[in-house]
Amino acid sequence: MDLFVKFWGTRGSIPTPGEHTSRYGGNTACVEIRQGETLIICDAGSGIRELGDDLASRSAQPITGHLLLSHCHWDHIQGFPFFSPAYQSENRFLIHGRGPGDDRFYRFLSGQMASDYFPISFKALRADIRSSDLAATQGYLGKVRVDHLTLEHPGGCLGYSFRLGSIKVVYMTDVELPFLGPSGCADIRRAPSDLVEFVNGADLLIADGQYNDQEYLERRGWGHSSCFSTVDLAVAAGVKHLSLFHHDPTRSDYDVDDLIDACRLRVSGHGSSLIVTGAREGVELRYTDSEGPGSAVGSL
Amino acid sequence: MSLLSRESEAWWRRAAKSRVEPTLVHLYDGALIGQYTLRGLEVTVGREATSGLVLLSSRASRHHARFSYRRGAWVIVDADSRHGIWLGPVRVHSVSLREGDFLQLGDDILTYTLLR
Ligand SMILES: [Zn+2]
Ligand SMILES: [Zn+2]
């Protein structure tokens with residue numbers, strides 16, 4: 001059994017088109033998780049537009065998808081009105097809330113298409129789009145076990161973990177990890193224990209690493225983390241591959257490269273084998289739930 | 001009055017008209033093997049002699065991967081190869097290529113560049 005993870009948008013806060021951002025990408029948050037016929041879409045930032053076009057080109061069959069939103073800040077929902085499969089009557093999308101009766105995400109997605117904001121109303125979307133929640137399927141979407149955790153972020157945010165057999169992938173964008181440690185910056189930082197448990201042993205952790213230490217200290221309370229705190233969380237939790245996500249809009253591709261290099265130095269300073277990369281639009285990873293050849297990307 | 005000399009203007013027009021050639025530079029065992037221009041919609045890559053681009057290392061699979069042109073970009077997709085496609089420290093199933101990308105397939109190296 002294979003689990004595929006594909007990045008369609010990795011930028012934080014606002015789309016950043018241009019040649020300086022073309023490698024990591026300028027689209028805001030959208031990650032596709034696919035297992036067999038099960039399609040899960042994490043966030044509906046501007047990257048969801050291209051995902052929609054790609055889905056339409058893959059097959060003539062109707063599309064059924066599960067939309068899991070981290071939260072409703074605009075960079076995580078702004079692409080939905082441009083998601084072309086939502087305009088086709090044969091398709092079906094479930095927008096999952098946190099629990100029974102929680103239709104907040106559905107309301108925010110539809111609300112942004114009110115006439116003052118957008119020319120086409122949500123009602124004009126011909127696909128069958130409904131509010132649902134993970135409890136309705138006992139926490140499973142197809143064969144994928146999905147759990148969530150509330151994260152520290154203005155207005156709240158959800159992190160999701162996806163498990164298929166021995167494979168574990170975590171999507172944890174927009175989270176503010178505090179500096180917890182004896183001397184703040186330099187030492188390995190203690191992360192909140194619920195977070196360590198949530199990401200523990202993940203093959204892939206897609207996580208907020210928007211700032212460096214100095215930027216974080218200047219922007220405390222803005223809801224994002226220093227990438228070094230994210231690295232320390234991943235090291236503490238025995239994560240195999242950390243993919244830093246929600247790149248700051250001011251960063252060029254080379255700036256992201258520099259940040260990743262600095263993170264790798266920190267990892268080797270901790271004596272860890274954690275792999276750190278910058279999440280990059282257009283990259284697709286495949287995890288196979290079996291030992292042997294062609295097996296997990298995460299078995300690096 | 002033109003800001004460019006007649007020759008400069010002619011050169012500039014030619015340069016602007018010339019097509020960008022998506023190109024793979026193939027390296028193996030420290031040596032430059034060749035340069036391959038991606039054309040059409042699909043190019044196969046593997047150890048099989050009939051592949052569009054033939055790999056040399058024994059760790060490359062016969063049918064290793066394929067390059068496809070999708071909506072304005074070249075994408076490489078793994079064809080269930082044994083040792084995969086590596087982009088830096090990570091094995092990827094597919095990736096939409098960008099200038100300067102450095103791919104490892106078995107022990108063959110392919111760098112992607114846009115030549116004019
Ligand atoms: Zn955000
Ligand atoms: Zn946010």
Side-chain angles (χ1 to χ4, degrees), chain A residues 2-8 10 19-27 32 34 47 49-58 203-204 240-243 253-254 257 260-261 263-264 267-268 273-288 292-300, chain B residues 16 20 22-24 38 41-42 45-47 55 57-107 110-116:
Chain A
D2 292 330
L3 188 76
F4 291 88
V5 178
K6 183 159 184 178
F7 295 101
W8 292 95
T10 63
E19 59 184 286
H20 301 300
T21 55
S22 68
R23 190 155 35 91
Y24 288 102
N27 280 307
E32 173 190 6
R34 202 170 69 251
R49 187 187 66 81
E50 281 202 53
L51 166 61
D53 294 347
D54 197 70
L55 287 171
S57 72
R58 286 179 202 170
D203 296 283
L204 173 66
K240 295 192 183 88
H241 174 192
L242 167 64
S243 179
D253 289 332
Y254 296 110
D257 287 341
I260 301 300
D261 285 345
C263 287
R264 288 175 180 165
V267 168
S268 58
S273 60
L274 171 71
I275 286 164
V276 184
T277 58
R280 169 175 155 173
E281 222 171 285
V283 162
E284 183 176 26
L285 305 171
R286 173 186 179 177
Y287 297 87
T288 302
S295 170
V297 177
S299 63
L300 298 160
Chain B
V20 168
T23 303
L24 296 162
L38 290 167
L41 293 176
E42 194 151 294
V45 53
R47 220 152 32 79
L55 300 176
S57 80
S58 58
R59 292 196 328 124
S61 298
R62 291 191 176 283
H63 303 283
H64 199 108
R66 65 177 187 282
F67 291 93
S68 304
Y69 189 70
R70 286 189 204 157
R71 291 197 304 282
W74 281 95
V75 178
I76 184 170
V77 184
D78 197 329
D80 280 332
S81 69
R82 189 172 174 82
H83 293 290
I85 303 166
W86 291 75
L87 181 71
V90 175
R91 182 174 174 169
V92 296
H93 177 67
S94 74
V95 56
S96 181
L97 297 174
R98 297 288 180 268
E99 171 97 56
D101 276 345
F102 193 90
L103 305 164
Q104 186 172 352
L105 291 74
D107 295 316
L110 302 174
T111 63
Y112 180 74
T113 182
L114 296 171
L115 290 183
R116 277 193 179 273

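Labels below follow one simple rule: chain letters A, B, ... track the order of the sequence lines, proteins then strands, and each chain is numbered from 1. Atoms considered below: every heavy atom in the structure, side chains included; atoms not considered: hydrogens, waters and symmetry mates. From a predicted model like this one, the values you see are computed outputs, not experimental measurements.
The existence of a salt bridge linking Arg70(B) and Asp53(A) is excluded, since no basic side-chain nitrogen approaches an acidic carboxylate oxygen closer than 4.0 Å.
To the nearest 0.5 angstrom, Thr288(A) atom OG1 is 8.5 Å from Asp80(B) atom CG. One distance of note links CZ of Phe7(A) with OG of Ser96(B); it measures 14.0 Å at 0.5 Å rounding. Interatomic distance, Ile275(A) CD1 to Arg91(B) CZ, rounded to the nearest 0.5 Å: 13.0 Å.
Only the backbone of Leu97(B) comes within contact range of chain A, with at least one heavy atom under 4.5 Å from a heavy atom of that chain. For chain B, the nearby part of Ser57(A) is the side chain; its heavy atoms alone come within less than 4.5 Å. Only the side chain of Phe4(A) comes within less than 4.5 Å of a heavy atom of chain B; its backbone N, CA, C and O stay farther away.
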message: For Asp78(B) and Arg286(A): C-alpha separation, side-chain torsions, deciding distance, then whether side-chain contact (heavy atoms from CB on, under 4.5 Å) applies.
response: CA-CA 10 Å; Asp78(B) 197 329; Arg286(A) 173 186 179 177; 5.6 Å; no
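Applying the side-chain contact (heavy atoms from CB on, under 4.5 Å) criterion to Ser94(B), with sequence neighbours excluded, gives Lys6(A), Glu284(A), Val75(B), Val77(B). In this structure Arg23(A) satisfies the side-chain contact (heavy atoms from CB on, under 4.5 Å) test together with Asp253(A), Tyr254(A), Asp257(A), Arg280(A), Arg98(B), Asp101(B), sequence neighbours excluded.
Between chain A and the residues His83(B), Glu99(B), Arg71(B), the most heavy-atom pairs under 4.5 angstrom are made by Arg71(B). Chosen from Val5(A), Asp54(A), Val276(A), Thr277(A), the residue pairing most often with chain B at heavy-atom distances under 4.5 Å is Asp54(A).
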